Amino acid sequence: MKDPLKPGIFKIVSRQAAARNVRAYVIGGYVRDHFLKRPCTDIDIVVEGNGMELASDVASVLKVNATLFKNFGTAMLRYRGLEIEFVGARKESYSTDSRKPVVENGTVEDDQKRRDFTINAMAFSLQQEDYGSLTDPFNGLNDLHDKVIRTPLDPDKTFSDDPLRMIRAIRFAAQLEFTIDNTAFNSIQRNADRIQIVSQERITTELQKIMASRKPSAGFYLLEKSGLLAIILPQVALLQGVETMEGKGHKENFSHTMEVLDNVASMTDNIWLRWAALLHDIGKPSTRHFDKETGWTFHGHDFVGSKMIPGIFRQLRLPLGEEMKYVRKLVQLHLRPIALVNNVSDSGARRLLFEAGEDIDDLMLLCRADITSKNPMTVRHHLGNFEQVSKKLIQVEEKDAIRNFQPPISGEIIMKTYNLPPCREVGLIKDHIKEAILDGKIGNNYEEALDLMKQRAAELGISEAGA
Ligand code: CTP
């Protein structure tokens with residue numbers, strides 16, 4: 001196994017700590033990731049003494065600046081792509097109604113006790129006499145081997161020190177494909193409510209890591225089972241369950257969503273496409289309806305769902321710009337490719353290409369991932385239809401180049417030709433041309449569009465400038 005303390009920085013920290021007569025250790029994620037053979041560029045150094053002073057000494061040897069966070073007594077420096085954080089070993093507890101720490105100086109053992117999980121509480125010594133030896137009071141190495149997330153102390157205590165750790169446990173379980181020890185999981189179920197004192201930004205950082213894992217459903221099933229999902233993302237928790245009327249049940253939308261999410265995750269790392277998968281059926285609970293003739297329907301859930309996206313992004317403090325618009329668009333359009341099956345006309349395909357624009361391939365990926373059923377015959381049938389639509393889209397795109405469609409006659413041209421200011425008529429003419437192209441009444445080219453512009457302007461009683 002690679003020498004974890006090979007980077008020269010560790011020797012330098014070790015020498016400077018000896019010069020100050022303090023004990024220093026590498027602790028946490030770096031040690032865990034070393035054993036997991038995962039790359040790690042964040043290094044945490046814990047010092048039995050003043051972290052800021054040691055950081056300053058190390059920074060002056062390296063000729064870099066250390067950033068000091070005096071309120072927290074921590075310091076950070078960057079060196080050769082590594083981010084190194086220094087912290088004084090602490091005994092720490094939090095008052096019950098906030099995250100404000102009450103801090104006292106402590107030993108490395110005290111510090112290890114207040115860490116979140118046994119696998120994150122291991123430390124390598126930087127003392128010259130036992131340089132590189134592992135301090136592992138809670139058998140984190142065994143837990144790594146057994147793939148178990150366990151807290152060093154009674155989980156009620158560890159989670160009450162920082163309730164975010166309940167979601168971190170689930171994040172690590174999803175990311176590392178570990179299980180959560182029963183005692184810890186029971187404690188999460190008992191304490192789920194306490195997540196409400198944690199800031200949304202910290203929660204969302206963890207959610208993004210769950211989303212980025214190979215099989216995000218593993219995290220969401222645990223969030224659901226623990227009761228956390230109902231608090232942090234109730235709209236998704238509501239997908240859970242099946243209602244039965246006159247002996248007829250509908251598809252269980254939570255497990256379906258999980259399947260779609262994993263399907264998408266297996267095909268792309270695009271985190272926003274994964275969000276679109278998680279949220280694609282979010283409009284179903286409020287549109288669910290039972291009809292004696294047709295059974296269960298969710299009419300308009302695509303539209304209702306897309307309307308819910310800005311609110312969900314705001315609630316989660318996710319970016320409200322392009323990313324949100326992309327997810328909203330995919331949710332809104334997610335039924336459209338399959339709807340084309342019954343009417344694979346050129347104009348239907350053109351309209352879809354126009355509305356999806358650049359995102360058509362992502363939409364098709366989501367749509368394909370959305371084909372799930374316990375019955376393999378049904379899946380095969382839908383996949384066949386899907387392939388037909390796919391082919392049609394490719395043909396129409398090759399012929400008409402609609403994907404990056406810009407109407408060949410711009411508003412500018414219309415205004416110039418007729419000496420008009422920006423006004424309703426300009427919009428009417430422009431729309432008329434666009435609709436005609438999408439309907440296939442004229443080709444997607446300048447000449448035909450110009451003729452149509454003239455015809456429509458005449459109908460509206462508008463004459464050319466200077467005429
Ligand atoms: N830690 C903790 N409780 C938290 C957050 C962090 O005890 N709520 C400790 C853990 O020992 C963790 C270390 O601080 O290993 C560093 O935390 P962080 O950088 O957030 O996570 P990593 O464990 O490094 O993992 P990742 O890089 O995947 O976020």
Side-chain angles (χ1 to χ4, degrees), residues 260 263-264 267-283 300-310 312-313 318-341 343-371 386-414 426-446 448-449 452-453:
V260 178
N263 284 345
V264 165
M267 292 187 272
T268 176
D269 289 339
N270 176 348
I271 198 92
W272 302 111
L273 187 43
R274 292 176 177 208
W275 275 101
L278 178 73
L279 301 175
H280 78 285
D281 274 348
I282 204 77
H301 78 268
D302 42 350
F303 176 73
V304 170
S306 75
K307 291 275 173 218
M308 292 167 71
I309 301 300
I312 293 177
F313 267 57
L318 286 170
L320 292 168
E322 290 310 308
E323 297 86 350
M324 185 280 284
K325 288 183 194 146
Y326 167 87
V327 173
R328 183 176 62 188
K329 177 172 165 185
L330 291 184
V331 172
Q332 185 178 342
L333 296 179
H334 81 271
L335 297 177
R336 291 280 295 281
I338 286 298
L340 278 182
V341 167
N343 170 27
V344 201
S345 63
D346 280 17
S347 71
R350 262 196 302 269
R351 280 189 180 278
L352 181 59
L353 284 164
F354 173 67
E355 284 175 53
E358 293 265 288
D359 303 318
I360 186 71
D361 294 335
D362 292 355
L363 176 66
M364 292 304 277
L365 191 151
L366 173 62
C367 187
R368 192 178 204 292
D370 197 13
I371 300 173
F386 176 84
E387 292 307 333
Q388 240 181 294
V389 174
S390 252
K391 273 196 202 125
K392 185 74 183 180
L393 290 177
I394 292 168
Q395 280 166 10
V396 170
E397 178 58 26
E398 273 173 6
K399 189 155 62 80
D400 300 342
I402 295 292
R403 181 192 285 240
N404 293 313
F405 178 65
Q406 290 293 342
I409 296 285
S410 66
E412 292 279 293
I413 297 178
I414 302 170
V426 176
L428 285 176
I429 298 173
K430 222 177 115 183
D431 266 3
H432 187 69
I433 297 170
K434 184 189 89 187
E435 294 296 316
I437 294 173
L438 293 177
D439 282 342
K441 290 182 183 146
I442 64 167
N444 183 12
N445 62 64
Y446 182 77
E448 288 181 66
L452 191 64
M453 173 188 82

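Just so it is clear, the model here is predicted, and its values are computed rather than measured.
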For this session: Begin from the C-alpha positions of I394 and E398 and carry the test side chain to side chain contact (heavy atoms under 4.5 Å, CB included) through to its verdict.
Result: CA-CA 6 Å; I394 292 168; E398 273 173 6; 3.8 Å; yes
Heavy-atom closest contact ([X] atom, [Y] atom, distance):
X	Y	result
F313	P319	CD2-O, 3.2 Å
P310	L320	O-CD2, 4.0 Å
A277	L366	CA-CD1, 3.8 Å
N444	P408	OD1-CD, 3.7 Å
A369	M267	CB-CE, 4.0 Å

Contacts table for residues 325-337: side-chain donor-acceptor under 3.5 angstrom, sequence neighbours left out:
from	atom 1	to	atom 2	distance (Å)
Y326	OH	N270	ND2	3.1
Y326	OH	D362	OD2	2.7
K329	NZ	A356	O	2.9
K329	NZ	D359	OD2	3.0
H334	ND1	V331	O	2.7
H334	NE2	D281	OD1	3.4
H334	NE2	H301	NE2	3.3
R336	NH1	E355	OE1	3.0
R336	NH2	E355	OE2	3.3

For this session: Measure the shortest side-chain to side-chain distance between L363 and L352 over non-hydrogen atoms and say whether it is less than 4.5 angstrom.
Result: yes
For this session: Could you check if a side-chain atom of V389 sits within less than 4.5 angstrom of a side-chain atom of I338, using non-hydrogen atoms only?
Result: no
Problem set entry | Partners passing side chain to side chain contact (heavy atoms under 4.5 Å, CB included) against V426 (at least two apart in sequence or in another chain) |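 Per chain and number, V426 pairs via side chain to side chain contact (heavy atoms under 4.5 Å, CB included) with I414, M415, L420, C423.
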Exercise. Taking only residues two or more places apart in sequence, or in another chain, which ones meet A349 in a side chain to side chain contact (heavy atoms under 4.5 Å, CB included)?
Worked result: K392, L393, V396
For this session: Apply the test side chain to side chain contact (heavy atoms under 4.5 Å, CB included) to residues V264 and L278: give CA-CA distance (whole Å), side-chain angles for both, the deciding distance (0.1 Å), then the verdict.
Result: CA-CA 10 Å; V264 165; L278 178 73; over 6 Å; no
Looking at [atom1] of [X] and [atom2] of [Y], how far apart are the two atoms once the value is rounded to the nearest 0.5 Å?
X	Y	atom1	atom2	answer
I282	D302	CD1	CG	13.5 Å
E323	L318	CD	CG	9.0 Å
I360	E397	CD1	CD	8.5 Å

Problem set entry | With F386 via ring pair (Phe, Tyr, Trp, His ring centres under 6.0 Å) - residues at least two apart |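 F386 satisfies ring pair (Phe, Tyr, Trp, His ring centres under 6.0 Å) with no residue once adjacent residues are dropped.
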Atom pairs and distances, side-chain donor-acceptor, residues 435-442, under 3.5 Å, sequence neighbours left out:
from	atom 1	to	atom 2	distance (Å)
E435	OE1	R351	NH1	3.4
E435	OE1	R351	NH2	2.5
D439	OD1	R351	NH2	3.2

For this session: List in chain and number order the residues that pass salt bridge (Lys or Arg N to Asp or Glu O under 4.0 Å) with E387, two or more places apart in sequence or in another chain; answer none if no residue qualifies.
Result: R368
